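Just so it is clear, the structure is predicted and the values come from calculations on it, not from any experiment.
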Amino acid sequence: MTRRQQDGRTILHLVGEIDVSTAPRLRDELSRVISEGSHDLIVDLSDVPFLDSTGLGVLVGRLKAVRLLDGDLVLAGAQERTLRNFRITGLDQVFRLFDSVDAALAARVEPDAAS
């Protein structure tokens, strides 16, 4: 995971599969970013070819954590296979999903005004 700031938002670029073996590291990294004060997050999934239910659970948990702090966590660039998991589980109704990081940056709206 790499992290950068742009337009007052934290962009986290994930690379590789997110599954039962890598999800705990992702959870810890996201928790650290949030505890350091970043509450407006864009998670770039463009280089994530696979995301299992454990990874989905981590993202849901961190979304809840950041929303308790009046922040938001949006997802960008997910591949079709990953998007299918969000649709099947109904999480496409929970997360704001964008085609790219640029689209997420352009759609700067309050968390309650999800698209």
- Hey, are the side chains of D92 and L97 touching, using non-hydrogen atoms and a 4.5 Å cut-off? yes
- Query: What's the verdict on side-chain hydrogen bond (donor to acceptor under 3.5 Å, both in side chains) for D19 and S21, showing C-alpha distance, side-chain angles and the deciding distance?
  - Reply: CA-CA 5 Å; D19 56 23; S21 65; 2.8 Å; yes
- Say you draw a straight line from OG1 of T22 to CD of E29; how long is it, rounded to the nearest 0.5 Å? 12.0 Å
- Before giving the answer on side-chain contact (heavy atoms from CB on, under 4.5 Å), spell out for L105 and F98 the whole-Å C-alpha distance, their side-chain angles and the decisive distance to 0.1 Å. CA-CA 9 Å; L105 287 166; F98 295 92; over 6 Å; no
- Task: Compare all side-chain heavy atoms of D70 with those of H39 and state whether any distance is below 4.5 angstrom.
- Result: no
- Residues in salt bridge (Lys or Arg N to Asp or Glu O under 4.0 Å) with D44, at least two apart? none
Could you give the side-chain donor-acceptor pairs of residues 74-86 under 3.5 Å, partners two or more places apart or in another chain?
{"unit_1": "Q79", "atom_1": "NE2", "unit_2": "S46", "atom_2": "O", "d": "3.0"}
{"unit_1": "E80", "atom_1": "OE2", "unit_2": "R87", "atom_2": "NH1", "d": "2.7"}
{"unit_1": "N85", "atom_1": "ND2", "unit_2": "L51", "atom_2": "O", "d": "2.8"}

- Kindly indicate whether the side chain of L69, heavy atoms from C-beta on, has any atom under 4.5 Å from the side chain of I34. yes
- Task: Taking the side chain as every heavy atom from C-beta outward, state whether V33 and L41 have any atom pair closer than 4.5 Å.
- Result: yes
- side-chain contact (heavy atoms from CB on, under 4.5 Å) between V20 and D52: does it pass, once the steps are laid out? CA-CA 7 Å; V20 69; D52 74 3; 4.2 Å; yes
- Item | Heavy-atom pair of closest approach, residues A23 and T54 | CB-CG2, 3.5 Å
- Evaluate the side-chain contact (heavy atoms from CB on, under 4.5 Å) criterion for residues D72 and R96: first the C-alpha distance (whole Å), next the side-chain angles of each, then the deciding distance (0.1 Å), finally the verdict. CA-CA 9 Å; D72 199 13; R96 292 192 304 136; 3.1 Å; yes
- Message: With clusters defined by side-chain heavy atoms of hydrophobic residues (ILVMFWY) lying less than 4.5 Å apart, directly or transitively, does M1 cluster with L56?
- Response: yes
- Message: Keeping D7 on the side-chain end and R9 on the backbone end, is there a donor-acceptor pair under 3.5 Å?
- Response: no
- Note on the structure: Closest non-hydrogen contact found for L14 with D47 is O-CB, 3.6 Å
- Task: Could you tell me which residues satisfy salt bridge (Lys or Arg N to Asp or Glu O under 4.0 Å) with R4, sequence neighbours excluded, listed by chain and number?
- Result: none
- Item | Sub-4.5 Å side-chain heavy-atom contact between D40 and T10 | no
- Carboxylate-amine/guanidinium contact E36 R3, below 4.0 Å: yes
- For side-chain contact (heavy atoms from CB on, under 4.5 Å), just list the numbers for L73 and I42, CA-CA rounded to whole Å, side-chain angles, deciding distance to a tenth of an Å, and then say yes or no. CA-CA 6 Å; L73 183 155; I42 298 171; over 6 Å; no
- Between S35 and R32, the two heavy atoms sitting closest are OG-O, 2.9 Å
- Message: For D28, I'd like to know if atom CG has over 12 heavy atoms of other residues, nucleotides or ligands within 6.0 Å.
- Response: yes
- Query: Looking only at heavy atoms, which two atoms of S38 and V66 are closest? And how far apart?
  - Reply: O-CG2, 4.4 Å
- Item | Separation between OG of S53 and CG of L91, rounded to the nearest 0.5 Å | 10.5 Å
